[in-house]
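Structure first, commentary second.
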Amino acid sequence: MALCIPTLVGPVSELTKSIRVQGALPGATIRISAIGSNPREVAKGIASGGNDRIPIYDSLKADDILVVAQELSDDTSGTTAESMGMPVQQVPAKLGHVGFVSHLYKCGSYLWLSGGFPGATVDVRDSTNTVIGSGESEEGDVRMTLSAPLSGVVTAYQRIPSVTGPIHYGYPDQINLRPLSSPSIMGSLIECQTQILVHAVFDGAQVTVQKDDGTEQSAGFDRNSLWFPLTAPLAVGEKLKVRQTMHRQCEQFSDFSIPYSVQEAADVPPPVIQTPICAGSRRISVSTLIPGSIVTLTINGKMYKGMPAGIVHSFEVDSLAVGTVKATMELCGVIKESTTVQIDPSGNQLLVKLLEPLYSCARAVSIGNITPGTALQVWKSDGVQETAISSIHHIFSQEVSIPVTPYLQEGEKLWVKQWSCSDVAITSNSSVVVAHPTSVSPVIIEPVYTNTSSFAVKNAVAGALVEAYIQRNQTTDWAFCGSAIGKPALTILPLNLVLAEGDRIKIRQLFCSAEERLSLFTNPPVTVVAYTATKTATRSGTFTRNNCPGGQTGSSVLYSQSATATAKSIYSQADADQKAQLAAETSAQQAVDAGGQAYANQQGSCRLPSPVLDSYDTNTFVLKGKGFKPSAPVWIRMTVSGTVVVSDSFGNLASLTDYRSGFPYYQTTADSTGNINLTVDHKKALPPLPYADMLYFGALPGETLYISAHDGRPNTDDITGVLWSNTWSETM
């Protein structure tokens, strides 16, 4: 059996001491080689599986291009395609700013920074200029444990031999909450799972996981939501609880959360292969994976095996030929199979567009005009060297924001390399980085409603860090509640709480200047409002016509009077709509009188029995039905409902409740016997589901798809005025 080609995570530089490798199997030997003017092996190690860091034993050079392979017993993988190898950045003559990924809390013990030159050392100092944390930049990220509390003005900078970067300033907040709120575990817990996703943690806290036998395991969290690695795989029937603690001079604790039970592996959904896939490409992305599972890809009869690094993983294989691919996920001896997906012939691929302008200190670049399934990597030239400043990302949306490291510096030239259906990269437009503006202020789009956990911002500077703060109960304390990287159009800020009526929110955007201060918020605060609705409705009796000719059915008639009412809800627009609707119906109830049956016999219609939908094939998208008017036009409607876990391009996850509806109606024509047989692709019929900088198409795994149809026959007892078929439901 062949093995999947592991993935090198970058960027890397001449100073890099170890390289992160994803997708290798446990126990496999990972070999990293340099190709170029001095071909050689530079690193070798044994994989733990999924996500490994391999030490380098031979110094890297600026003209090296790194490739990787794995071997396990008699099984081997191919080697990274040369054109997709990871280039090595040259040691620069100057360094740029680093920035905080973690929000700074005075009692936090753990800190995450980004923007570092790969291999540089990043130091953090407190208000007394004492170094309280130091760490190596690995792929631009630095994660450290602090030796003392954060206080006053905190400074951070990066350094390499003979070069020190500029200072970045931070201002820690106090957490005025006793006890702390309890964290939560997102998603289901499955036996043999090796990591759990813990959410709602204050950046810098220590998280403790307790099993029902009393054993505990702790880890530092430098972000609100992270994967918690377990010392032993989960077992069926175990129950887990989580708590968080802020130790530094605070001794703030949360209670343990509610217990979460571990389910059997047999209950997990099958893996899903993301499409489209074109011949000539080398990557296959699979979602709904479980950490600790083994994935096997069967491609035109040849099998490739690998271990995912997360719930979504892009597996690298040999160049694909036209045919089919299927994925299986094995966990605790349970095997789940995906549907079989076609590998399409190479078609016309859009040339991606690097969205301009590009600003200094930007943490990410935005790319548009993407053909889903394209692999992208951001490159730069500083006038000395051309090199990659991101890993290769496999993208299934039309627009994306890709993080870069180091952060952009004025005068650099950037472009994007694109691999669509070939090992040969094509190149986007290029753009030169300019100084970031200081007069542009982001604006919160109003109204912002209660019971939401995000809001939209316009006019943010692309690549800047946009932060949200909240004031609750009309107090004078403002608390951090979320952040996002600015996008060229709208920026969606995910929050770590749910907004309530009367909350006040404000935002700021950060670049890298020494003059930034916590007081520099843009625009006046916005007040969160409740949902309000005014509805005109009826309260009525329903009567059925009972004088139709034999064999026909009388329609139901709504005999009613109208009334108008206004209602308010702090929960949702749907709740306000419902309250207004109920109030209007109550006001109109007395209008119903004894003439309903006579009205139905006069105004109701006589009709043949309702049409019926027989089936919907989720593989071929073929919908079948009968009982429609012969040779008549037929309209089909699709809706979807359910709760799904989605992620943005940074890997941050969220659980969304999805209620989308496909409009306009799809139209077909019944045959001469009243049957219908047509293809309705739910991925096109339903509007995309947006989350942060990602779009998800069609009904997602675990959701229920609902389909109904009509041929235009009237039905006055339906709010639409037409006679609908049954509603066909299909769980994806």
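Below, all heavy atoms of this structure are taken into account, side chains as well, without hydrogens, waters or symmetry copies. Computed from a predicted model, the values in this text were never measured in an experiment.
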*Any sub-3.5 Å donor-acceptor pair from Arg545's side-chain atoms to Gly604's backbone N or O?*
yes
*Measure across Pro291 and Gln195 and return the closest heavy-atom pair with its distance rounded to 0.1 Å.*
CB-NE2, 3.8 Å
_Backbone N/O of Val448 and side chain of Glu446: donor-acceptor pair under 3.5 Å_ = no
_Side-chain donor or acceptor of His682 paired with backbone N/O of Ala699 under 3.5 Å_ = yes
*Please tell me if the side chains of Met329 and Ile290 come closer than 4.5 Å, counting only heavy atoms from C-beta onward.*
yes
*Using distance alone, with no hydrogens and no angle criterion, decide if Ser555 and Ser605 have a side-chain donor and acceptor under 3.5 Å apart.*
yes
*Note, Lys626 side chain near Leu613 side chain (heavy atom, < 4.5 Å)*: no
*Do Glu703 and Arg660 meet the salt-bridge criterion of a basic N to acidic O distance under 4.0 Å?*
yes
_Between Gln581 and Glu585, is there a side-chain donor-acceptor contact under 3.5 Å, judged purely by atom types and distance?_
yes
_Is the shortest side-chain heavy-atom distance between Val457 and Leu490 below 4.5 Å?_
no
*CG-OG1 distance between Leu678 and Thr668, expressed to the nearest 0.5 angstrom*: 4.5 Å
*Output yes when a side-chain donor or acceptor of Lys336 lies under 3.5 Å from a complementary backbone atom of Ala266, and no otherwise.*
yes
*Aromatic ring pairing His710/Trp724, orientation class (parallel under 30°, perpendicular over 60°, tilted between)*: perpendicular
*Decide yes or no for Val262 and Leu240: does some side-chain heavy atom of the first lie under 4.5 Å from some side-chain heavy atom of the second?*
yes
*Crowded around Tyr571 OH? As in, over 12 foreign heavy atoms under 6.0 Å?*
no
*Flag side-chain contact, heavy atom, 4.5 Å: Phe315 against Val295*: yes
_Closest non-hydrogen atom pair between Leu656 and Pro690, with its separation_ = CD1-O, 4.0 Å
*Basic-acidic side-chain contact under 4.0 Å: Lys683, Asp681*: no
_For a side-chain contact (heavy atoms from CB on, under 4.5 Å) check, start with the C-alpha distance between Glu264 and Val236, then their side-chain angles and the critical distance, and finish with the verdict._
CA-CA 6 Å; Glu264 294 183 358; Val236 172; 3.9 Å; yes
_Using only atom types and a distance under 3.5 Å, with no angle test, would you say the side chain of Glu238 pairs donor to acceptor with the backbone of Ser261?_
no
*Search all heavy atoms of Ser610 against all heavy atoms of Leu723 and return the closest pair with its distance.*
OG-CD1, 3.4 Å
*Using a distance-only test with no angle check, is there a side-chain donor-acceptor pair under 3.5 angstrom linking Ser184 and His199?*
no
_Would the distance check show the side chain of Asn369 and the main-chain N or O of Leu351 forming a donor-acceptor pair, the cut-off being under 3.5 Å?_
yes
*asked:* Looking only at the side chains, is there a donor atom on one of Ser649 and Asp693 sitting less than 3.5 Å from an acceptor on the other?
replied: yes
*To the nearest 0.5 Å, what is the distance between CG (Leu493) and OG1 (Thr491)?*
7.0 Å
*Indicate the atoms forming the closest heavy-atom contact of Ser338 with Ile273, along with that distance.*
OG-CD1, 3.5 Å
*Roughly how far, to the nearest 0.5 Å, is CD1 of Ile392 from OG1 of Thr374?*
12.5 Å
*For Ser647 and Leu653, indicate whether the former's side chain and the latter's backbone hold a donor-acceptor pair under 3.5 Å.*
no
*Side-chain donor-acceptor contact under 3.5 Å, Asp318 with Tyr304*: yes
_Check this for me: does any side-chain nitrogen of one of Lys624 and Asp617 sit under 4.0 Å from a carboxylate oxygen of the other?_
no
*asked:* I'd like to know if the side chain of Ser641 pairs up with that of Thr704 as donor and acceptor (distance under 3.5 Å, no hydrogens or angles considered).
replied: no
*What heavy-atom pair brings Ala530 and Ser569 nearest, and what distance separates the two atoms?*
CB-O, 3.1 Å
*How far apart are the closest heavy atoms of Ala500 and Thr450, and which atoms are they?*
C-CG2, 3.5 Å
*How about Ser287 and Tyr696: do any of their side-chain heavy atoms sit closer than 4.5 Å?*
no
*Would you please test Leu350 and Ile370 for side-chain contact (heavy atoms from CB on, under 4.5 Å) and show each step?*
CA-CA 6 Å; Leu350 298 174; Ile370 302 171; over 6 Å; no
*Take Ile367 and Leu355 through the test side-chain contact (heavy atoms from CB on, under 4.5 Å) and record every step on the way to the result.*
CA-CA 5 Å; Ile367 303 164; Leu355 302 183; 5.7 Å; no
*asked:* Determine whether a donor-acceptor pair (N or O, by modelled atom type, separation under 3.5 Å) exists between the side chain of Ser725 and the backbone of Val612.
replied: no
*So, Gln418 versus Ser420: side-chain donor-acceptor pair below 3.5 Å or not?*
yes
*Taking atom OG1 of Thr371 and atom CD of Gln398, what is their separation to the nearest 0.5 Å?*
8.5 Å
_Has Glu337 got a side-chain atom pairing as donor or acceptor with Thr328's backbone, closer than 3.5 angstrom?_
no
*To the nearest 0.5 Å, tell me how far Tyr531 OH sits from Asp577 CG.*
11.0 Å
*asked:* Any carboxylate oxygen within less than 4.0 angstrom of a Lys/Arg side-chain nitrogen, looking at Glu399 and Lys487?
replied: no
*Please tell me if the side chains of Tyr559 and Gln603 come closer than 4.5 Å, counting only heavy atoms from C-beta onward.*
no
_With heavy-atom distances below 4.5 Å as the criterion, would you say the side chains of Phe455 and Ile444 are in contact?_
yes
*asked:* Evaluate Arg637 against Ile707 for side-chain contact (heavy atoms from CB on, under 4.5 Å), listing each step before the verdict.
replied: CA-CA 6 Å; Arg637 180 188 181 192; Ile707 311 172; over 6 Å; no
*Would you tell me whether Ser708 and Thr727 have side-chain atoms, one donor and one acceptor, within less than 3.5 Å of each other?*
no
*Interatomic distance, Ile676 atom CD1 to Asp671 atom CG [nearest 0.5 angstrom]*: 9.5 Å
*Taking atom types as modelled, find out whether Thr536 and Ser562 have a side-chain donor-acceptor pair closer than 3.5 angstrom.*
no
*Report yes or no: does Asn300 contribute a side-chain atom to a donor-acceptor pair with the main-chain N or O of Val325 at less than 3.5 Å?*
no
